[in-house]
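Reading through the C-alpha cells given below for one structure.
Heads up: numbering here begins at 1 and tracks the sequence.
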Amino acid sequence: MTEQPTTTNPGRTDLATITYVHGAGPATDTSTPAAAPALGGKTEEERAAVVESARQVLEGRVTSAPVTLTKESADFDAFDDRPLIPAWMKSGEGVAMYAGVAYRARVRAYRRWVRRQRTDRGHAAQFKRGSRRIGDWVKGFEGIQLQAVGHQAHIAAKEARAAARTARFTPALMKNKKTAALQAADRTQTVAMKAIAEHKKLKSNRRRAYSLRIGAAYGPPVAALSAGYLQAGWFGASAGAMATFAGGAFAGRHPISEETDWSADWRSLGDGDPMTAPMLDSVFRAAKVIGSDESLRIVQMPMLDSRGAWSAVIDLPPGIAAKKAMRAAPEIASALGVEEAQVNMAKSKEKGSRAGRLEIYVAKELPFTEDAAPGPLLAHEGATNFWGPISIGPDVRGLARTISVVERSGLVGGEPGAGKSASGNTILIAAALDPRVRLALADGKAGGDLTPFEAMAVAFEGNADPEAFLDMLDGYVIPDMKRRYAFLKKINRRKVTEELANKYPDILGQLLLWVDELMYYTTDDELGKKITKRLRNIVSRGRAAGIITFCATQKPGSDVVDTSLRDLLSIRWALRCTTPEASDTILGKGAAAAGFSAKTIESEMRGAGFLWAEGSNPYLVRADYYSDDEVELLAERAVELRRAAGTLPDAPKTLADLLRDQGDEHARVLAVLVDVFAAFDQEAKAADEAAEVDWLPGTVLVDSLKAAGLEVTPEKLARLVVRTPDEKKKQTWQDSSSALNGYPLAAVLRTAQTKYSLSA
C-alpha cells in the first residue's frame, strides 16, 4: 500500500504517517484532532496520541484533503479516495489507454473464438456432438433387450409347434409316449405364450419410452421454432433456431476421447464422416496393406475440395510400394464404405517423389454419372491443330485431360454399349476440324457412325466388306505411305514434322486411318490374315510418315487383334469390360492386378474408361460427349473449313463418269444408257418410293442415244449389249398394248464390267 501524508492541524506541527484503507468514508466527528505527532516522539503521551490518531482514521472519522489536478501541475502518482486506481487513469490519456486495452482484449478474444471454431471445441462441433449424444439417448438400450426377447419368443414358438406336431402324430396305442408328448406340448406352449406376452410388453414399453424421450429431446426445439415463427415470423423462427443450436452445443460442450455410439462403431466416408489420419491408418490396416503395428505418414493432410471429394498424399511404411496399395483398391474401398469406382489411387507425380508415396482421391458420389458437359469443340471457332494436344475429357477429379497422337497409334476397346463410338468422336472431330488432315475411314459394323465424316474422307469403306477394306489399304493407304517415304528420302528427312507437313501438304499432310469394329475385318476366314498383315505394316512404318492409325473393337483378344499388331498400338483406351482379362487385353497383361481394371467401371458410368496414353499408369477419364446432332453440326463446319482451304476431296465418280473417262465410243454409249436408267428410276421413285426401273424398251434407249448425239442403230446396240435368251423376252411398257423388245439394266452393267472392269 502507498503512504500518503494526512491533513495538518494548525495546533500541531508533527503529524503521524498513516496508510489509507480502501473504504474509509467522510469524517463524522469534526471535533477530534485531525492527526497526532509521529511515533518518533520520546514521551509516552506522544506515542499514545499517535495510536489514537491511527484509530480514528481507521474508524473513518478522518479523510484526506481532496487532490486537485491542474493542467500545469498534475502528480500522476497521487491517489484519490480509491487508492488502488491512480489519478492519471481519470485523465484523457488514462481513459484512452484503458479503452485500448479493452479493445485489444476483445480482438484477442475474437481471434481465439475463431480459431476454436475449427477444433473439437468449436460451436459447430459442439452442436454436432450434442446432437449425436441426444440421438443416442433417444435410441436407448431397450432395442437390444427387445431383440433378445423377440428371439427367445421365436425359438419358444418354434419348439411349441414342434412339440404339438409330435403329440398330434404320436399313436394313441403308445400311451406313455402319447402322455409325455402331450405334457411336453402343454409345457412348451405355456413357455411360448409367456415369451410372446413378455415380448409384447417390452415392445409396448419401448415404444412408450422412445416416444417420451423423443418428446423430451425434440419437443422444446420444435416448440421454440413454432412459437418464434408465430410470434415474430421468420425473425422469431431464427431466434428459435439459435436457441436450439445453443442447446445442442451445450449438450456437446465436453469432448471426450471415446464416445459411446450405439448406431455405428465404424466410421467411414460412406456414412458422411470426414477423412482423417486415424481413419486412413484403420483403412489400410483393414485392407492388409500395412501391419497392425504400422501407420502411415501423412504428407498432405486430408482435404475436401469443391466437388465434395476427399484427397490426401501419404507415405507408406518403408518396404511397401504404392503398387501394393493400388492392387488392394477393392479392400480399401470397402473399408472406406464407398464403391470401388469412387476410389482413385496413383503414385505421386511430384518431382523427387518416392515409390511408397501415394495419392488417394475418394469421390463423394459415383463419378461420371451426372450429365456430361458440352464438348469443348462446340465453342471452338476456327480450325483445330491435330499436331497439338487433343482434348479427351475430364478425369475423376474434374481436370481436363489431353493427349498427343503425333507418331502414335491407338486401340479403343470395350463391351457393346460402353461408348466406343462416342469416345472415338473426340479424336475424329478434332482431326476433321483440322483441314490439313486427311481421313481414311472404315466402318466394320456398317452402322452409320462414320457417315457424317464420309464427305471429307479420301477413302471410305462403310459396308463392313473385308474385300473392299483390303482394296482400300492396298489401293490408297499403303501406296500413300510408300510415296511419303520416297519423298522423305528425296529431301533427306527421317520423319514427318509439322513444319514439313505445312511445307508439303499434298504429300506429307497427316493421314488418320480409323477402323471401327476391327473384328469384322480381321476375323474373316479368307482375308483376315491379309488385313492384319497390312495393318501391322501401316502401324509399324506409318507413324514416322505422318500416318496415325486407330482401331476400335468390342473384343480385342488375340483372335481378333493379333498380338503382333496389338502391341504396336501405343495408346490404349479400355472402356467398360465384363472381365479383368478383357481389360488386360487392352491395357496390357497385369494392369488389372495393379489396380487398373475396366471391370470396375459401373454401367452407369457411360463413356468412362482407363486411358493409357502418357505417363507410367492409366487414369480413369470420361470422353467429351457430342450428340448425333452436334456431330452433324461439327462435321458440316469441318466441310466448310476444308472447302475454304481447298482440301475437300472430290466427290466419288459415278459409273457413268468413269465410263466417259475411258474415251471410247462404246464407253460413251454405255454411259448414256446408265444415265437413262438412273433418270427413269428417279422419276419412278418420285411417284412411288418402292418402284424400281430395271428394264427399258430398245426404242427409248435408241432415242436417248440420238438425243445425246450418238448415232446408234438397234442392231449396233444389240451387238454391244449382249443379252441372254431370257433377257430378250418382250415386255409391256407403260400404256403400250403390245409387248416391246428391250434391255435390262443388268445387261448394261455386265457389259461395263466385262469390257472396262467397272462396276456401279
Side-chain angles (χ1 to χ4, degrees), residues 307 341 365-386 389-396 398-403 405 410 412-435 437 439 441-457 460 462 464 512 514-517 550-554 571 573-577 598 601-611 613 620-643 648:
R307 298 158 56 91
E365 299 174 346
L366 196 65
F368 305 140
T369 54
E370 70 280 0
D371 294 336
L377 292 179
L378 288 171
H380 182 77
E381 297 181 359
T384 59
N385 182 13
F386 205 59
I390 299 172
S391 174
I392 292 297
D395 61 9
V396 292
L399 303 177
R401 291 283 192 164
T402 60
I403 63 171
V405 298
V412 183
E415 68 176 9
K420 293 186 298 298
S421 299
S423 301
N425 282 339
T426 59
I427 300 174
L428 275 172
I429 295 174
L433 289 174
D434 188 343
V437 180
L439 303 178
L441 311 176
D443 190 354
K445 63 181 179 182
D449 291 334
L450 301 181
T451 302
F453 306 97
E454 182 178 2
M456 63 192 83
F460 187 84
L512 174 63
W514 186 274
V515 186
D516 196 8
E517 296 301 344
F550 267 86
C551 301
T553 184
Q554 294 180 3
I571 298 175
W573 198 345
L575 302 173
R576 187 177 69 252
C577 295
I601 300 175
E602 301 292 338
S603 58
E604 302 95 320
M605 303 164 61
R606 189 173 177 85
F610 281 99
L611 178 62
L620 191 62
V621 63
R622 180 170 70 172
D624 293 326
Y625 177 72
Y626 299 93
S627 65
D628 292 343
D629 293 338
E630 292 170 346
V631 172
E632 293 282 353
L633 176 64
L634 291 172
E636 293 175 2
R637 186 187 303 175
V639 169
E640 294 301 324
L641 289 172
R642 290 170 181 267
R643 182 177 289 112
L648 189 67

Begin from the C-alpha positions of Val405 and Phe550 and carry the test side-chain contact (heavy atoms from CB on, under 4.5 Å) through to its verdict.
CA-CA 10 Å; Val405 298; Phe550 267 86; 4.0 Å; yes
When you look at Phe453 and Ile429, which way does the side-chain contact (heavy atoms from CB on, under 4.5 Å) test go after all the steps?
CA-CA 9 Å; Phe453 306 97; Ile429 295 174; 4.0 Å; yes
Please determine whether side-chain contact (heavy atoms from CB on, under 4.5 Å) holds for the pair Asp449 and Asn425, giving the CA-CA distance in whole Å, both sets of side-chain angles, and the decisive distance to 0.1 Å.
CA-CA 9 Å; Asp449 291 334; Asn425 282 339; over 6 Å; no
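For the pair Glu640 and Arg637, the salt-bridge criterion is not met [side-chain N within less than 4.0 Å of a carboxylate O].
Looking at Tyr626, its side chain does come within 3.5 Å of a backbone N or O of Leu377 through a donor-acceptor pair. Under the 3.5 Å distance criterion, the side-chain polar atoms of Asp434 are matched with a main-chain donor or acceptor of Phe386. The main-chain N or O of Gly419 is never found under 3.5 Å from a side-chain atom of Arg576 such that the two would form a donor-acceptor pair. Formation of a donor-acceptor pair under 3.5 Å by the Asp443 side chain with backbone atoms of Gly448 is found in this model.
Between Lys445 and Ser421 there is a side-chain heavy-atom pair separated by less than 4.5 Å.
In terms of the side chain to side chain donor-acceptor pair (under 3.5 Å) criterion, Thr384 has no residue partners (sequence neighbours excluded).
Here the CZ atom belonging to Arg401 is positioned 11.5 Å from the CD1 atom belonging to Ile392, to the nearest 0.5 angstrom. Once rounded to the nearest 0.5 Å, the distance linking CD of Glu370 with CD of Glu365 reads 8.5 Å. Summarising the geometry, atom CG belonging to Leu450 is positioned 6.5 Å from atom CG belonging to Leu428; distances are rounded to the nearest 0.5 Å. The line from CD of Glu415 to CG of Leu575 is 9.5 Å long, rounded to the nearest 0.5 Å. Atoms CG and CG, on Leu634 and Asp629 in that order, are 11.0 Å from each other to the nearest 0.5 Å. Residue Leu441 holds its CG atom at 9.5 Å from CG of Asp516, rounded to the nearest 0.5 Å.
Shortest non-hydrogen contact noted between Leu641 and Pro435 is O-CB, 4.1 Å. Gly609 approaches Ile601 most closely through the heavy-atom pair CA-CD1, 3.6 Å.
Within 6.0 Å of CG in Asn385 there are more than 12 heavy atoms belonging to other residues, nucleotides or ligands.
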